[in-house]
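Below is one structure, written out as structure tokens; comments come after it.
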Amino acid sequence: MSLLIKIHKPIPHIRSFSVSTINAAKHSCKLLVIGGGSGGCTITAKFSRHLKKDEVIILEPSLHHYYQPLWTLVGAGVKTVADTRRPEKSVLPSTAKWIKDYALSIDPSQNIVKTTEGDEIQYEYLVIGVGLQNNYDKVPGLLEALNDPKSGVSTIFSADYCEKTWNDLKNFRGGEAVFTYPDTPIKCPGAPQKIVYLADAYMNKTSVRSKTNVTYNTCLPVIFGVKKYADALLKVVERKSINVNYKTVLKEVRADKREAVFFNADDKNKETVLPYDMLHVTPPMHTPEFLRNNKNITDAASFLDVDKYTLQHKKYPNIYGIGDCTNTPNSKTAAAIAKQCYVLEANLLNTMKKNEPKSRYNGYGACPLLTEYGKCILAEFIYDGVPHETLPIDQSRETTIAYYMKKDLFPFIYWNLMLRGYYHGPELVRNIINPLGM
Ligand SMILES: Cc1cc2nc3c(=O)[nH]c(=O)nc-3n(C[C@H](O)[C@H](O)[C@H](O)COP(=O)(O)OP(=O)(O)OC[C@H]3O[C@@H](n4cnc5c(N)ncnc54)[C@H](O)[C@@H]3O)c2cc1C
């Protein structure tokens with residue numbers, strides 16, 4: 001009798017595949033890491049040094065790893081998407097066992113994770129770093145418009161569409177350029193406005209800016225969550241004559257009429273329809289299906305429910321979380337993960353020794369806010385929006401050095417140190433050159 005069960009299931013917008021119990025396998029490990037993105041790779045590298053060969057399993061379906069922070073510069077024509085991509089295999093340690101599959105379900109009381117192909121993985125300890133995904137379906141008309149090469153609609157928040165932003169910019173001949181920020185938590189909350197500033201700079205270069213209205217519609221009530229940098233960014237907005245509409249959220253894209261429909265965050269019945277010649281969308285985001293379907297480990301919003309200081313799961317002490325998929329109230333950035341991985345490593349090692357986790361994450365995050373080709377405000381801050389700067393200068397100023405750090409230094413550190421588990425953020429440098437962090 002055949003045991004073949006076929007379930008066709010569309011997962012993360014790109015692929016569909018089958019589940020076959022015939023090939024299902026059972027695995028067991030000391031540490032299972034779910035997600036091989038920025039957080040998962042870093043933790044896998046660290047624990048592959050603490051544990052023996054194959055004691056760490058990494059569960060990650062993608063064949064490629066992307067350095068997402070460069071997608072902003074792809075959208076502005078400074079880099080290509082190929083510059084941001086490497087084979088997943090090349091960023092994983094050879095001593096860890098890589099299972100190329102999606103986590104489907106978890107039984108945290110039995111320490112078992114099932115995969116979409118039907119495998120079962122028994123773990124002693126678990127780290128979850130499955131990131132955030134774009135939720136195109138929340139905005140009717142958006143996905144169709146993104147997939148139409150001539151629509152003038154793009155997003156830097158995807159490897160599939162960030163080069164389209166650059167194409168749209170190159171083809172733009174003036175008119176209405178509209179940019180958005182959604183009403184969900186997103187990764188890199190600074191990126192939606194970075195692309196506005198770079199687009200403005202490019203339009204100046206090509207002399208179309210004088211015949212263009214640039215509009216930035218954001219669901220937020222402020223331009224940026226940390227006052228020091230918000231004050232500086234408002235000056236940039238003024239200098240560039242950008243129309244900013246707060247509490248204004250994209251509701252629908254009518255690509256056939258080249259219209260974007262927005263609602264007011266305080267009164268959803270209040271609608272505005274804007275015509276556009278170019279529309280850059282920051283899509284709503286949500287956690288992957290694995291978390292949305294396993295409510296036993298998440299909060300009400302489907303984020304992994306961890307302690308914001310120790311990163312340990314609130315209910316299951318042998319589970320930790322890292323990166324964008326957790327409910328820690330920091331800015332969701334790779335910079336945050338650099339600091340988190342240090343805290344998580346120390347705490348998980350303690351948990352493995354049956355001790356309490358002692359290391360505390362202070363909410364550090366950083367956001368290099370590109371304002372021109374060659375200029376950047378390097379925002380660095382901890383929980384509650386307190387600035388925590390590394391350089392002995394006022395980092396709310398637009399500087400050339402911050403631009404080259406973003407473009408060249410941070411990618412170098414990411415590929416060569418962070419993903420190998422050797423980078424914990426700029427704390428050491430800060431303690432030497434700017435101990436007060438002000
Ligand atoms: C346009 C843009 C600009 C940015 N700019 C900056 C910046 O300037 N500075 C900065 O520090 N950060 C920036 N970021 C944010 C940064 O890239 C992310 O915060 C970081 O990559 C998140 O890492 P992560 O490990 O949490 O998630 P990801 O790196 O997204 O990885 C999640 C992984 O989980 C896998 N996964 C999903 N579901 C499952 C499942 N069911 N089973 C197994 N695996 C699964 C995915 O395939 C993926 O590989 C930017 C991001 C974007 C998109």
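In each ligand, atom 1 is the first atom listed, and ligand 1 is the first ligand listed. If you read the sequence from its start, that first residue is 1, and numbering goes on from there. Only heavy atoms go into these numbers, but all of them, side chains included; no hydrogens, no water, no symmetry mates.
- For ligand 1, the polar-atom distance check finds no N/O of Y102 at less than 3.5 Å from any of the ligand's N/O atoms.
- Contacts between I337 and ligand 1 below 4.0 angstrom, taking non-hydrogen atoms only, involve the side chain exclusively.
- Residue S62 touches ligand 1 through its side chain alone, judged by heavy-atom distances below 4.0 Å.
- Annotation: D101 places no N or O atom under 3.5 Å from an N or O atom of ligand 1; distance criterion only.
- Those atoms of ligand 1 with a heavy atom of G131 less than 4.0 angstrom away are 26 (O), 27 (O), 32 (C).
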Solution key, residues 183-195 side-chain donor-acceptor pairs under 3.5 Å, sequence neighbours excluded:
residue	atom	partner	partner atom	Å
D183	OD1	K138	NZ	3.1
T184	OG1	M285	N	2.9
K187	NZ	Q68	OE1	2.9
K187	NZ	L132	O	3.3
Q193	OE1	Y197	OH	2.6
Q193	NE2	I223	O	2.9
K194	NZ	P368	O	3.1

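- Between the choices C162, P368, C367, G75, the shortest heavy-atom distance to atom 9 (N) of ligand 1 belongs to P368.
- Between W166 and Y202, the two ring planes are perpendicular [angle over 60°; tilted spans 30° to 60°].
- Between A191 and ligand 1, a contact under 3.5 Å exists for no N or O pair.
- In summary, the atoms of ligand 1 found under 4.0 Å from a heavy atom of L59, numbered by their order in the structure, are 43 (C), 44 (N).
- When heavy-atom distances to ligand 1 are checked against a 4.0 Å cut-off, K194 comes that close only through its side chain, counted from C-beta outward.
- Remark: E380 engages R430 in a salt bridge, criterion side-chain N to carboxylate O under 4.0 Å.
- Considering backbone and side-chain N/O atoms, W71 never comes within less than 3.5 Å of an N/O atom of ligand 1.
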Inset, instruction - Apply the test ring pair (Phe, Tyr, Trp, His ring centres under 6.0 Å) to residues Y414 and Y67: give CA-CA distance (whole Å), side-chain angles for both, the deciding distance (0.1 Å), then the verdict. - result: CA-CA 8 Å; Y414 183 80; Y67 179 60; 4.6 Å; yes
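- Heavy atoms of E289 found under 4.0 angstrom from ligand 1: none, in either backbone or side chain.
- Residue contact check: T72 has heavy atoms under 4.0 Å from atoms 1 (C), 3 (C) of ligand 1.
- Close approach of ligand 1 to G39 (heavy-atom distance below 4.0 Å) involves ligand atoms 25 (O).
- Ion pairing between a basic and an acidic side chain is recognised when a charged N comes within 4.0 Å of a carboxylate O; K339 and E427 show such pairing.
- Here K332 has backbone heavy atoms under 4.0 Å from ligand 1, and that is the only part of it that gets that close.
- Ring geometry, Y383 versus Y361: the interplanar angle exceeds 60°, so the pair is classed perpendicular (tilted spans 30 to 60°).
- Looking at K314 and D305, a side-chain N of the basic residue comes within less than 4.0 Å of a carboxylate O on the acidic one, giving a salt bridge.
- The salt bridge (Lys or Arg N to Asp or Glu O under 4.0 Å) pairs that include a residue from residues 391-404 are K228-D394, R239-E398, where partners are two or more places apart or lie in different chains.
- The atoms of ligand 1 that sit less than 4.0 Å from any heavy atom of I34 are 42 (N), 43 (C).
- Contact annotation: for A103 versus ligand 1, heavy atoms closer than 4.0 Å belong to both the backbone and the side chain.
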Inset, instruction - Would you please test Y161 and V281 for side-chain contact (heavy atoms from CB on, under 4.5 Å) and show each step? - result: CA-CA 10 Å; Y161 305 115; V281 178; over 6 Å; no
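- Counting the atoms of ligand 1 from 1 in the order shown, those under 4.0 Å from a heavy atom of I156 are 1 (C).
- Counting the atoms of ligand 1 from 1 in the order shown, those under 4.0 Å from a heavy atom of F290 are 41 (N).
- Applying the 4.0 Å criterion to heavy atoms of G129 picks out, from ligand 1, the atoms 32 (C), 33 (C), 34 (O).
- Between P61 and ligand 1, not a single N/O pair is under 3.5 Å apart.
- Contact check for Y125 versus F47: no side-chain heavy atoms found under the 4.5 Å cut-off.
- The pair D231-K235 does not count as a salt bridge, with every side-chain nitrogen at least 4.0 angstrom from each carboxylate oxygen.
- Under a 4.0 Å N-O distance rule, the pair E117/K100 does not qualify as a salt bridge.
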